[in-house]
Amino acid sequence: MVSVIIPTYNRASLVVEALESVFAQTYKEHEVIVVDDGSTDNTREILEPYLHRIQYTWQENQGISAARNRGILLSHGRYIAFLDSDDRWLPSKLEKQVDYMNTHPKVGLVCCHVWRYEIGKETRRERRPHGFPRDFNELLTGPNHIPTSTVLVRRECLETVGMFDETLPPLEDWDLWLRIARRSAIHILEEVLSENRKHSQNTTNDLLKVYEGYWRFYAKVLKLHRSAIPDLNFFKDREASFRYLLGTTYLRRKKMRKALYHIAGSLKTRWDVGMYFDKKNLFSTKIGYFLKPYGAFAVSLLGALVSWAIPAWRSR
């Protein structure tokens with residue numbers, strides 16, 4: 001049996017289409033678990049007619065990783081499949097993936113290609129991913145080309161490596177695929193069996209969340225997979241650069257203490273972190289890029305000192 005985990009948050013207009021694509025599967029031995037991550041729209045009412053066919057659970061808003069993890073803990077299947085509430089599956093998706101997993105016991109994760117398009121513009125679709133990592137090393141050193149809504153994974157893999165890291169959005173999926181790929185084979189079916197749909201709600205505009213996620217991801221990779229990393233400097237540079245971007249974003253938002261903490265941390269990892277952003281690599285630009293982080297550090301330090309001093313002065 002396959003456990004299908006569908007996390008959702010304020011997508012009442014889309015989640016039913018995701019559900020219907022599961023019910024249309026040619027492979028019928030599955031359970032469907034919908035985790036409502038604190039929706040404030042009419043998601044519960046929309047799902048009312050399906051409650052006899054699904055396991056529905058509601059929780060306070062904690063993010064997509066927590067919702068997926070809740071679904072995993074409630075599941076019973078030998079295999080676990082993930083489907084985001086704005087995506088859809090083609091009818092033979094589960095059947096072909098289960099058949100492959102049953103005949104390839106060393107494979108821990110299988111995925112497939114998707115049609116990616118904007119809702120309402122289905123004719124302008126694009127086949128993704130363009131490339132796929134064949135093993136752990138390629139997944140580690142290249143981009144994440146494993147769309148979550150295409151994944152079928154063995155339960156024992158999750159029992160061995162753990163679930164989604166709830167501190168990492170938006171890179172919690174890449175982190176989990178790496179942990180699985182380091183211990184098991186991974187495979188992509190060379191067929192389009194899923195649809196990844198773009199819309200106004202599925203792109204995060206929270207730069208703090210994005211930069212923090214990337215910083216934490218590369219810091220975790222350096223800690224967890226250090227012995228397997230072919231070029232430590234590349235990953236250190238990525239960690240330092242995203243931490244610097246996180247710090248300067250806090251600085252622009254006048255969160256001086258947090259800005260100081262992260263800018264100082266980025267400089268500690270790479271003292272010339274500004275040079276990472278010098279794409280022109282011209283002598284005339286080098287000094288500016290080199291000095292900019294130290295200027296940001298000085299401004300955040302001054303701001304942090306003022307934020308400490310004023311309350312202390314007022315309390316006298």
Side-chain angles (χ1 to χ4, degrees), residues 1-7 21-33 55 65 68-84 87-114 127-165 171-196 220-221 224-225 227-230:
M1 185 172 68
V2 176
S3 296
V4 180
I5 312 298
I6 304 178
S21 76
V22 178
F23 298 145
Q25 291 295 298
T26 54
Y27 183 84
K28 301 298 184 181
E29 293 296 318
H30 56 70
E31 63 175 354
V32 183
I33 302 170
Q55 182 176 351
S65 293
R68 288 179 181 141
N69 288 343
R70 178 78 177 275
I72 293 169
L73 292 173
L74 293 171
S75 68
H76 303 89
R78 178 184 180 187
Y79 302 118
I80 296 176
F82 303 104
L83 175 60
D84 289 347
D87 292 338
R88 297 189 302 199
W89 288 342
L90 274 62
S92 61
K93 191 261 189 190
L94 286 183
E95 179 181 3
K96 291 183 176 181
Q97 289 189 324
V98 170
D99 285 347
Y100 186 87
M101 293 287 261
N102 285 341
T103 55
H104 295 81
K106 292 184 178 181
V107 173
L109 178 153
V110 65
C111 61
C112 60
H113 288 272
V114 304
R127 181 183 170 118
R128 294 284 188 91
H130 298 309
F132 182 76
R134 291 170 294 180
D135 54 28
F136 169 80
N137 289 329
E138 289 190 4
L139 181 61
L140 176 69
T141 56
N144 176 23
H145 282 315
I146 304 180
T148 305
S149 288
T150 72
V151 166
L152 183 78
V153 62
R154 296 185 190 274
R155 171 177 292 278
E156 55 261 39
C157 286
L158 299 179
E159 292 173 345
T160 300
V161 306
M163 299 184 291
F164 290 97
D165 186 336
L171 297 174
E172 73 290 337
D173 53 349
W174 195 358
D175 166 65
L176 181 55
W177 311 154
L178 279 170
R179 285 184 274 134
I180 292 173
R182 194 164 185 184
R183 291 167 173 81
S184 304
I186 58 176
H187 182 75
I188 186 170
L189 298 181
E190 295 295 338
E191 297 181 65
V192 175
L193 299 173
S194 184
E195 295 177 337
N196 178 241
K220 183 174 183 178
V221 167
L224 194 62
H225 306 298
S227 62
I229 294 176

What is the minimum heavy-atom distance between [X] and [Y], and which atoms define it?
{"X": "Pro91", "Y": "Ala24", "answer": "CB-O, 3.7 Å"}
{"X": "Ser75", "Y": "Arg155", "answer": "OG-NH2, 2.6 Å"}
{"X": "His145", "Y": "Pro133", "answer": "CB-CD, 4.0 Å"}
{"X": "Val151", "Y": "Lys93", "answer": "O-NZ, 3.8 Å"}
{"X": "Pro147", "Y": "Thr150", "answer": "O-OG1, 2.8 Å"}
{"X": "Phe136", "Y": "Ala228", "answer": "CE2-CB, 3.6 Å"}

Quiz prompt | Pair Phe82 + Phe164: ring centers closer than 6.0 Å | solution =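 For Phe82 and Phe164, the ring centres are under 6.0 Å apart.
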
Self-check item: Tyr79/His30 aromatic ring centres below 6.0 Å
Solution: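 No, the ring of Tyr79 stays outside the 6.0 Å limit from the ring of His30, centre to centre.
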
With a 4.5 Å limit on heavy-atom distance, are the side chains of [X] and [Y] in contact?
{"X": "Trp89", "Y": "Glu195", "result": "no"}
{"X": "Lys220", "Y": "Asp165", "result": "yes"}
{"X": "Asp135", "Y": "Ile186", "result": "no"}
{"X": "Ser21", "Y": "Leu83", "result": "yes"}
{"X": "Leu178", "Y": "Val221", "result": "yes"}
{"X": "Leu73", "Y": "Met163", "result": "yes"}
{"X": "Ile6", "Y": "Asp84", "result": "no"}
{"X": "Ile5", "Y": "Leu74", "result": "no"}

Quiz item: So, the side chain of Gln25 versus the backbone of Glu95: is there a donor-acceptor pair under 3.5 Å, distance only?
Solution: no

When rounded to the nearest 0.5 angstrom, what is the spacing between [atom1] in [X] and [atom2] in [Y]?
{"X": "Gln97", "Y": "Ser194", "atom1": "CD", "atom2": "OG", "result": "8.5 Å"}
{"X": "Cys157", "Y": "Arg183", "atom1": "SG", "atom2": "CZ", "result": "10.0 Å"}
{"X": "Ile180", "Y": "Arg154", "atom1": "CD1", "atom2": "CZ", "result": "11.5 Å"}
{"X": "Ser65", "Y": "Asp175", "atom1": "OG", "atom2": "CG", "result": "9.0 Å"}

Quiz item: Taking it one step at a time, do Asn144 and Asp173 satisfy side chain to side chain contact (heavy atoms under 4.5 Å, CB included)?
Solution: CA-CA 9 Å; Asn144 176 23; Asp173 53 349; 3.4 Å; yes

Quiz item: Would you call Arg68 and Glu172 a salt bridge, taking side-chain N to carboxylate O under 4.0 Å as the test?
Solution: yes

Self-check item: Any residue meeting ring-ring contact (aromatic ring centres under 6.0 Å, His included) with His187, in chain and number order, not counting sequence neighbours
Solution: Tyr100

Quiz item: Does atom NZ of Lys106 have more than 12 heavy-atom neighbours, drawn from other residues, nucleotides or ligands, at distances under 6.0 Å?
Solution: no

Quiz prompt | Neighbour count >12 (heavy atoms, 6.0 Å) for atom CD, Glu29 | solution = no

Only pairs under 3.5 Å count here: list side-chain donor-acceptor contacts from residues 107-114, not counting sequence neighbours, and write none if there are none.
from   : atom 1 : to     : atom 2 : distance (Å)
His113 : ND1    : Arg128 : O      : 3.4
His113 : ND1    : Pro129 : O      : 3.3
His113 : NE2    : Glu190 : OE1    : 2.8

Self-check item: Audit row: Leu176, Val153, side chain to side chain contact (heavy atoms under 4.5 Å, CB included) steps and yes/no
Solution: CA-CA 11 Å; Leu176 181 55; Val153 62; over 6 Å; no

Quiz item: Between the side chains of Arg179 and Thr160, does any donor sit under 3.5 Å from an acceptor?
Solution: no

Exercise. Output, in order, the C-alpha distance, side-chain angles, deciding distance and verdict of side chain to side chain contact (heavy atoms under 4.5 Å, CB included) for Leu152 and Ile80.
Key: CA-CA 6 Å; Leu152 183 78; Ile80 296 176; over 6 Å; no

Exercise. Take Ile146 and Phe132 through the side chain to side chain contact (heavy atoms under 4.5 Å, CB included) test and state the conclusion after the steps.
Key: CA-CA 7 Å; Ile146 304 180; Phe132 182 76; 3.6 Å; yes

